[in-house]
Structures are given as C-alpha cells and as structure tokens.
Amino acid sequence: NAGVTQTPKFRILKIGQSMTLQCTQDMNHNYMYWYRQDPGMGLKLIYYSVGAGITDKGEVPNGYNVSRSTTEDFPLRLELAAPSQTSVYFCASSYSPGGNSYEQYFGPGTRLTVT
Amino acid sequence: SQKIEQNSEALNIQEGKTATLTCNYTNYSPAYLQWYRQDPGRGPVFLLLIRENEKEKRKERLKVTFDTTLKQSLFHITASQPADSATYLCALVLYSSASKIIFGSGTRLSIRP
C-alpha cells in the first residue's frame, strides 16, 4: 500500500492564481481531511469528508474548496491564491470513528508559497 | 475560549533520561487523546491513543497519562535516544464530533548524545 499520497510536493503561485492540490489514499478509508500547518503552529483543519459525496468545513475553510467524488481522492482547490495561504498542506485519512484508535494517516505534505 | 496547549519551548535532554511532554486543554470534552510524532518535512505519524476512562497507556518506551480533572496529558519517553528527536503533537478526539480531531502546536524534543 502506498498509503496517502499528495502532489505536488512543492509549488510557487502568484497572487490570484488557482491550483488544485491532489490527495489519494489506497486504504479504503471513509474519512479524509485537509490541514494546513504554518511554521511553529499546529494543524488547522480546512475541510473534511466522511465519505464520497459528503464534505464539510473545518476551522479555516475560507479561500478553499473541496470535492469527493470517489473514496480514494480528495482534491483541495485554491481559487484565488493569497499570501496568507502560504503554508504546508497535509492530507490525511482514517477509518470511520468507532474503530480502536481514530488514527489518522498523513501524506507527506505540499509546501505552497504564494508571492 | 477553547485551547489546547503544549510546551511552547523546545525540550533538550540528555540521552538515556526520561523526556516528559505536557498537553493541557481548556473548554473541550475529549473522549480520547492521541499523540503523534512529526519529523521535519514529513507528515505526523500516530503513536498512541488513550481513552478518557484510562489513566495510563504504555507502548514500548512510551507512556501516556490522561487526567480529565486536571485536563492534562503527559507523554513520557523513557531511556531516550537521539532518534527520538522530533516534534510531538497531542490531539483531542471530541465527544461532540469524533470526525474532527483538534491538534496542539507541538513540542520540539531534542535528545543530545
């Protein structure tokens, strides 16, 4: 199993540009998440999904959009990039709550710079 | 307001000693508390979960305690090694929304030989 994969690893965007961060998991997890992590800070939840076709906002959703058309994929869309969106973005997945650990499996991250 | 706080300063200890990291929370009702390890440039990796009705959990050289009265968890690494150097994050799984996990900002731990 590859686990959770993210592309790209790095990206530099100009203000106002758009892009999609890709996330795929091969563990058949129902739950998927997008976080951002600013330097020296914890993970802030952007959006999450409890299954294909179902998404919900997290703590910091403004400026982002998501979709979940399949169990495996959970792309994150930035429509009009702003310098405040410079961060490292992590995708994660987990089994449905009710399992023993609520363990989240994280991807390697995408480092995004907006200038 | 709701807060989850970890040691803001980095922790530097001598190899072989026990490292103790603290996680405090305010105005949350967690059902579970998790600890993750994060190495530079990588995503967090799950280490342990402790339930609210468990006082202590162990896994190899790791020990976690959970005191819901003090609203605090302690994370211990015994016989620490330089390879244990990393940032450690605590995270709350809430009764109100088990699908969302709240992460602390992490404590950077350095073990010197």
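None of these values were measured; they are calculated from a predicted model. Proteins come first, then strands; the chains are lettered A, B, ... in the order of their sequence lines, and each starts at number 1.
- With hydrophobic clusters built from ILVMFWY side chains whose heavy atoms lie under 4.5 angstrom apart, Leu21(B) shares a cluster with Leu33(B).
- Within 6.0 Å of CD on Glu60(B) lie no more than 12 heavy atoms contributed by other residues, nucleotides or ligands.
- Residues Ile101(B) and Tyr35(A) come closest through the heavy atom pair O-OH, 4.0 Å.
- Among residues two or more places apart in sequence or in another chain, the ring-ring contact (aromatic ring centres under 6.0 Å, His included) test is passed with Tyr89(A) by Tyr64(A).
- Closest heavy-atom contact between Gln104(A) and Tyr36(B): N-OH, 3.1 Å.
- Note on Val66(A) and Val60(A): same hydrophobic cluster, where clusters join Ile, Leu, Val, Met, Phe, Trp and Tyr whose side-chain heavy atoms are under 4.5 Å apart, directly or indirectly.
- Two different hydrophobic clusters hold Trp34(A) and Tyr48(A) under the rule that ILVMFWY side chains link at heavy-atom gaps under 4.5 Å.
- Interface with chain A: from residues 79-90 of chain B, residues Leu89(B) qualify, criterion being any non-hydrogen pair under 4.5 Å.
- Val4(A) and Phe74(A) fall into different hydrophobic clusters, where Ile, Leu, Val, Met, Phe, Trp and Tyr residues are linked whenever their side-chain heavy atoms come under 4.5 Å apart, directly or through other members.
- Heavy atoms from other residues, nucleotides or ligands lying under 6.0 Å from CG of Leu70(B) number more than 12.
- Other residues, nucleotides and ligands contribute more than 12 heavy atoms inside 6.0 Å of the CD atom of Gln2(B).
- Residues Phe106(A) and Val93(B) are members of one and the same hydrophobic cluster, defined by side-chain heavy-atom contacts under 4.5 angstrom among Ile, Leu, Val, Met, Phe, Trp and Tyr.
- Among residue pairs with one or both ends in residues 37-46 of chain A, those qualifying as side-chain hydrogen bond (donor to acceptor under 3.5 Å, both in side chains) are Arg36(A)-Asp38(A), Gln37(A)-Gln38(B), Asp38(A)-Ser87(A); sequence neighbours excluded.
- At a 4.5 Å heavy-atom cutoff, the contact between Leu43(A) and chain B is made by backbone and side-chain atoms alike.
- Using non-hydrogen atoms only and a strict 4.5 Å limit, the part of residues 104-113 of chain B facing chain A consists of Gly104(B), Ser105(B).
- Counting non-hydrogen atoms of other residues, nucleotides and ligands closer than 6.0 Å to CE of Met27(A) gives a total above 12.
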